[in-house]
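Right, one structure below, let's go through it.
This one's a predicted model, so the numbers in the text were calculated from it and none came from an experiment. Chain identifiers are assigned alphabetically (A, B, ...) following the order of the sequence lines, protein sequences preceding nucleic acid strands; residue numbering begins at 1 within each chain.
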There are 2 protein chains.
Amino acid sequence: MTDEKDFLSGYDPGDFPAFAVTADVVLLTMRAGRLCVLLIERGGPPFKGMWAFPGGFVKLDENLDQAASRELQEETGISGIDLTQFASYGDPDRDPRMRVVTVSYLAVVPDLPSPQASTDAAKARFWPVDDVEGTLAFDHDRILGDALSHLRTVVEYSPLAASFCEREFTVADLRRVYESIWGVDLDPSNFQRKVLGIDDFLVPTDRQSSSSAGGGRPARLYRLGKVSELRPPILPPD
Amino acid sequence: MTDEKDFLSGYDPGDFPAFAVTADVVLLTMRAGRLCVLLIERGGPPFKGMWAFPGGFVKLDENLDQAASRELQEETGISGIDLTQFASYGDPDRDPRMRVVTVSYLAVVPDLPSPQASTDAAKARFWPVDDVEGTLAFDHDRILGDALSHLRTVVEYSPLAASFCEREFTVADLRRVYESIWGVDLDPSNFQRKVLGIDDFLVPTDRQSSSSAGGGRPARLYRLGKVSELRPPILPPD
DNA sequence: ACAAAAGTGTTGAGAGTACACCCATGC
DNA sequence: GCATGGGTGTACTCTCAACACTTTTGT
């Protein structure tokens, strides 16, 4: 009966509950067919020695998106990738030090070189998602779970899965991404026809993959087209 | 280079940028075939006299979901409905008074009695969405746009559209909801077969609608079942 | 009887799956 | 040649949109 009155009419600036706001980045990649997440080992309390997402305080003169990419750049050296906000978390006890609301972002990248090479963030590395579930600092386990279910949903209806691939990739590369995410096997020939039949999804190059591993016909290389929506969706069979 | 160090190692509590955090509710309903949104007229600066979503400061001892339903209840008297978070907004200048991050929730309800009857929130009313786009306080126009596109997406793959209907409703009621949201005409007979063919979506009652308006065969009344996902999705033709 | 809305039957077009088969490369 | 993976052809199945038609009410 008081707060919202203050909010609706005039009030004394500074007369509001003070929160810290952070931006966290759940950055996913695919390594050897396993879904991996970029984590940073915490050097101090709370949760010292545990692993958490890159992220940190939003500054007073930047917006939420900017904070997320700045923190990612500062802590891991990674920049120039798409970050999309997917949820915010603000339970009273999620950080024992103070009241923090975190705005969480999802990023999907190809298999990058390990981040320690790039900056001073020596404690950053990729972990297979299955190996860390249930072990993260703060409420980051819950956030990771939400990020993964968000990923699995979005990937059916958007070309996001192609972000796991390099700039040029084969249809089989893309198929293996979907197979990993859904844990199913897809028929290579039908998958090929399906994705090539979607307008503006894959644009062919005139280059071919070097058929490196033990033979087999080289595959054509594609680049991601400008499609924004996959209709009909790419679904796992049943 | 300083903030995130503080965040990773120890630091002085209180040594962080102080934000206000609010929870806003975009509550949608369907009236006479038009999509409507619940708004509150602002009684004081800034944006005095303009309309905005119900919402207000998150308190230090409640979580974000609780803040959203509390504010909705206090400002409009509406309670007991599902609120789902869909996005957060925190541009530096979105509120001229201070730095505010707002966590936005979407709610979908049947045609409720006008809210002024229930509480002291005399300035709350439903507005047709088309009539207010571009006129709202703060960045609420952008939030409304995001809420609507979120609605249109979610409605294809979830039973959310049924939340626009009363507890018992006919297939035609539900069809008119989809027609309004997508702005298309759907074939009544095909729509009927489609939705009744989805397991656990609609559960029949033994009651019928009173065929009130000008004749026509009374329709069976249904209740919403326990399905959580619509596969295949309900799509507009083309 | 007639209009209006609910609900069913039928059919033809298109999409998806399974799988046979051909192509290009490494060994 | 043979193994391996890329890519095409084909036939069967299933779904869905279109629309004719029957059912049940109000006037």
- Task: Would you check if there is a donor-acceptor pair between the side chains of B:Thr102 and B:Asp24 at a distance under 3.5 Å?
- Result: yes
- Query: Are B:Glu179 and B:Arg175 ion-paired here, with the side-chain N under 4.0 Å from a carboxylate O?
  - Reply: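 Yes.
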- Partner residues of A:Phe201 under the ring pair (Phe, Tyr, Trp, His ring centres under 6.0 Å) criterion, sequence neighbours left out: none
Over all heavy atoms of both residues, which pair between [X] and [Y] is shortest? Give the atoms and the distance, please.
X        : Y        : result
A:Pro54  : A:Thr76  : CB-CG2, 4.1 Å
B:Cys165 : B:Pro110 : O-CB, 3.5 Å
A:Met30  : A:Phe164 : N-CD2, 3.8 Å
B:Thr205 : B:Arg220 : O-NH1, 2.8 Å

To the nearest Å, how far apart are [X] [atom1] and [N] [atom2]?
X        : N      : atom1 : atom2 : answer
B:Leu235 : D:dT15 : CG    : P     : 16 Å
A:Arg220 : C:dA24 : CZ    : C1'   : 13 Å
B:Arg231 : D:dC16 : CZ    : C1'   : 17 Å
A:Leu202 : D:dG6  : CG    : C1'   : 15 Å

- Query: Quick one, which residues of residues 181-195 of chain A touch DNA chain D with a heavy atom under 4.0 Å?
  - Reply: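 Hits under 4.0 Å, by residue number: A:Ser189, A:Gln192, A:Arg193.
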- Could you list by number each residue of residues 163-178 of chain A showing a heavy-atom separation from DNA chain D of less than 4.0 Å, or answer none if no residue does?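 Within residues 163-178 of chain A, the residues near DNA chain D are A:Ala172, A:Arg175.
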- Return no unless some side-chain N or O of B:Gln208 is found under 4.0 Å from OP1 or OP2 of D:dT24.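 Result: no.
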- Task: For A:Arg31 and A:Leu112, indicate whether the former's side chain and the latter's backbone hold a donor-acceptor pair under 3.5 Å.
- Result: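 Yes, because the side chain of A:Arg31 sits within donor-acceptor range (under 3.5 Å) of the backbone of A:Leu112.
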- Counting side-chain heavy atoms from CB outward, which of D:dG7, D:dT24, D:dT25 is closest to A:Arg217? D:dG7
